Amino acid sequence: MQQLLSELHELAVRLQQQCGARELANIIHSCSKLSSPDTAKLLLPVFLQTSTLQHAKPQEVSNVVWAAATLQLQLTAVQLQQLLGSFAAVLADAKPQEVSNTLWAVATMGLQVPPELLQQLLGRFVAVLADANPQAVPNTLWAVAGMGQQVLPKQLQQLLGRFAAVLADAQPQAVSNTLWGVATMGQQVPAQQLQQLLGKFAAVLADAKPQEVSNILWAVADMGQPLPQQLPMMLAAFAKLLLDAKPQAVSNIMWACGKMQYVPLPLLQSLQQQQQQRQLLQQLLTAAKPQELANMAWACGQLGHKGQLLPGALLQQAVRQDGGTGSFTLQELCNLCWSAAVLDLQQCVHHVRQLAAAASKLFSITSDEELQQLQQVHLWLLDSQLPAPGQGLSGVLTQQQLEQCRASWEQQLTATSMRQLSYLQQSVFDAVLQLPPNTWQQQPQSEQPTADKACLIDVAAVTTSGVKVAIEVEGPQHYVQPDNTLTGPTLFRNRALAARGYAVISIPYWEWDELHSKAQQQQYLLAKLQAVKKQPDVTAALMPPPAAQQQPILAAAAVQQQQPDVAVAPQPPAVTGAGAVAPGAAEGNSHPRRRRRPRRVDPGNPQGS
């Protein structure tokens, strides 16, 4: 091979001035196939000479740009302008693959096609779309998304229609890149076409790589689509590929499941099995970037996953990586701290304070969501009396920073309290008001903040026996699948209310929906209130009754920790289709920061023309 490369290079040196555009493009293209960047570098300036470039055909320009990207050559702005200008001049003769390869190459090199020229290229691609192969459409969408631009809605409709027409011949990577591209552009795949794409991906799942599975699920979650029926199958397939998965893929899966509110049991169970040697998880975390650690921690918090290893290990690794270097963004630090508070990881208080101290140095760029997360962390530490009674984040954040957090949190509570009640919550409140007057010592109030404005209560009241009651109406957004456990933020809210002396009465939406008369509703509520009087530890008893005993997913490591703080609810009716609540809906008093899109993943080299 080395001898062949040497001969090719000598031939190129000898003949470079005698070759035309076609010959030069072919040699440069061959260099990419043989991984010979030096020869390509030698010939590229010759190809760019005016006398050569003005005679180049679309295929020849496309192949040169594609070869430059494949060989990781860094084109200058002038060189790119020359190549794109030449391609635009003969665009009327370009085939779909030539347009697609050109866009792919530019995006792969981290460069840009000017918006006006991009629309010309897309216009030509759509005009000859009937000749596009299954790879051309996904690579085009991937490229446009990677450049941070968008296709027009009508163009997207046409592109998706063509891809659906050739879907039978598509590989997993093509389906993955299509959905990733659409989601990254902030656009949508129509429901029917989405089901077609997911069905095809499931059919070829055995050939999929970990990154392709994670990108599919990331895209579905980012578009706010309902839980796909193929989700359990995809998670099981990803778990089997875990040894080959990169941290980014694991992080994207966790983030997607967090947003869709679905616990990735196969993934977590695989981590548990491998942890017998304590190798896989440690390798993943050591190789993970700050954003990936923060995404996984956020997902654990959102899902209420208090496995005895993963959340704590994420915080420990984050502290190790940061080391005072400022490698984490404020958003990442806040998500890490928030996850510990939501999961009540009291054994990680030291790590939380270290990460919060790093966050305090970045307050000049803070947002309301980050301030509110830190306020929740502060309240959690105060309630837990850690590291000392009355301390919270004092001494870690300045008094001015703490005041910013408090003000933002209270402003958010005020705004929430002024919103119109959902039909479900209004129905429960109306029924509470119709209970016999001697039920209450203090008239029930809707959207009532606690005295210290730590929480906003759906319906707050005091019984005649003096028990402070917080009636919480739990819609679908308060539960995670597949076991219908309460979300991490909901559990956090319940603990915060209990710390303030409230007995929390949860009203699962499916139980309320089965009450078809006012008499049934009153009987139901009175039974819940009666349980308050009989139960010494009122907070523990007032969660929805368990459907099945749930065990921790990840086994204990060297340090013994508490059992997962998860209230298991009875099985509700399935929530799918048009009636489903959008995944990731705001969770009562919790507003965790939604994560950035995952970094662009190379879709793989398209075939040369």
Side-chain angles (χ1 to χ4, degrees), residues 141-142 145 172 175-191 193-199 201-202 205 208 210-239 245-268 291-305 331-332 335 339 369 476-482 487-489 575-578 580-587 590-601:
L141 291 170
W142 179 90
V175 181
S176 175
N177 289 346
T178 298
L179 290 177
W180 183 91
V182 175
T184 301
M185 291 187 293
Q187 296 174 277
Q188 288 286 329
V189 176
Q193 287 181 325
L194 177 62
Q195 287 307 311
Q196 285 181 295
L197 297 184
L198 292 175
F201 191 81
L205 191 56
Q211 189 71 51
E212 294 159 2
V213 179
S214 73
N215 279 2
I216 283 275
L217 295 182
W218 175 87
V220 172
D222 193 68
M223 288 188 288
Q225 296 284 350
L227 288 176
Q229 63 183 23
Q230 300 87 354
L231 180 57
M233 182 192 311
M234 292 184 187
L235 290 174
F238 185 85
K246 295 181 180 180
Q248 183 194 42
V250 177
S251 173
N252 288 354
I253 286 278
M254 291 289 293
W255 181 91
C257 287
K259 190 168 184 186
M260 291 188 290
Q261 297 186 194
Y262 191 97
V263 180
L265 293 172
L267 171 58
L268 297 173
Q291 182 186 6
E292 294 157 1
L293 293 173
N295 281 1
M296 287 188 274
W298 175 85
C300 287
Q302 180 68 12
L303 297 171
H305 173 64
Q331 186 184 55
E332 291 158 0
N335 271 277
S339 69
E369 288 173 307
Q477 73 274 19
H478 289 273
Y479 296 95
V480 297
Q481 302 302 320
T487 64
V575 181
T576 57
V581 174
E587 185 69 64
S590 171
H591 297 267
R593 179 80 160 174
R594 296 307 180 206
R595 303 308 306 153
R596 301 184 184 94
R597 296 186 176 95
R599 297 173 182 83
R600 188 180 69 214
V601 179

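Just so you know, these numbers come straight off a predicted model, no measurement behind them.
Among residues two or more places apart in sequence or in another chain, the side chain to side chain contact (heavy atoms under 4.5 Å, CB included) test is passed with Ala297 by Leu314, Leu336, Ser339. For the side chain to side chain donor-acceptor pair (under 3.5 Å) test, no residue two or more places apart in sequence or in another chain qualifies with Gln195.
Across all non-hydrogen atoms, the minimal contact from Val189 to Met223 is N-SD, 3.8 Å. Taking every heavy atom of both residues into account, Trp255 and Ala299 meet most closely at N-CB, 4.1 Å. The two atoms that bring Pro482 and Leu265 nearest to each other are CG-CD1, 4.0 Å, heavy atoms only. Heavy-atom minimum distance, Asn335 versus Ala294: CB-O, 4.2 Å. Nearest heavy-atom pair, Met254 versus Leu267, reported as atom, atom and distance to 0.1 Å: SD-CD2, 3.8 Å. Summarising the geometry of Leu235 relative to Pro264, their closest heavy-atom pair is CD1-CA, 3.9 Å, with the distance given to 0.1 Å.
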(request) Run the numbers on Gln229 and Leu198 for side chain to side chain contact (heavy atoms under 4.5 Å, CB included), then give the verdict. (result) CA-CA 9 Å; Gln229 63 183 23; Leu198 292 175; over 6 Å; no

(request) Just do the side chain to side chain contact (heavy atoms under 4.5 Å, CB included) check on Leu179 and Trp218 with the steps written out, would you? (result) CA-CA 9 Å; Leu179 290 177; Trp218 175 87; over 6 Å; no

(message) Using side chain to side chain contact (heavy atoms under 4.5 Å, CB included), reason through Gln188 and Gln225 one step at a time and then give a plain yes or no.
(response) CA-CA 9 Å; Gln188 288 286 329; Gln225 296 284 350; 2.8 Å; yes

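Here CE of Met185 is found 12.5 Å from CH2 of Trp142. Values are rounded to the nearest 0.5 Å. Here CE of Met234 is found 6.5 Å from CG of Leu205. Values are rounded to the nearest 0.5 Å. Put simply, CG on Asn295 and SG on Cys300 are 11.0 Å apart, with the number rounded to the nearest 0.5 Å. Residue Lys246 holds its NZ atom at 10.5 Å from CD of Glu292, rounded to the nearest 0.5 Å.
Considering Ile216, Leu217, Val250 in turn, Val250 is the only one that fulfils the side-chain contact (heavy atoms from CB on, under 4.5 Å) rule with Phe238.
Judged purely by distance below 3.5 Å, without hydrogens or angles, the side chains of Gln291 and Gln248 never pair a donor atom with an acceptor atom.
Two residues are said to be in side-chain contact when any heavy atoms from C-beta on lie closer than 4.5 Å; Leu231 and Met260 meet this criterion.
In this structure, Gln261 contributes its side chain and Gln477 its backbone to a donor-acceptor pair below 3.5 Å. A donor-acceptor pair under 3.5 Å is absent between the side-chain atoms of Thr184 and the main chain of Gly181, judged by distance alone.
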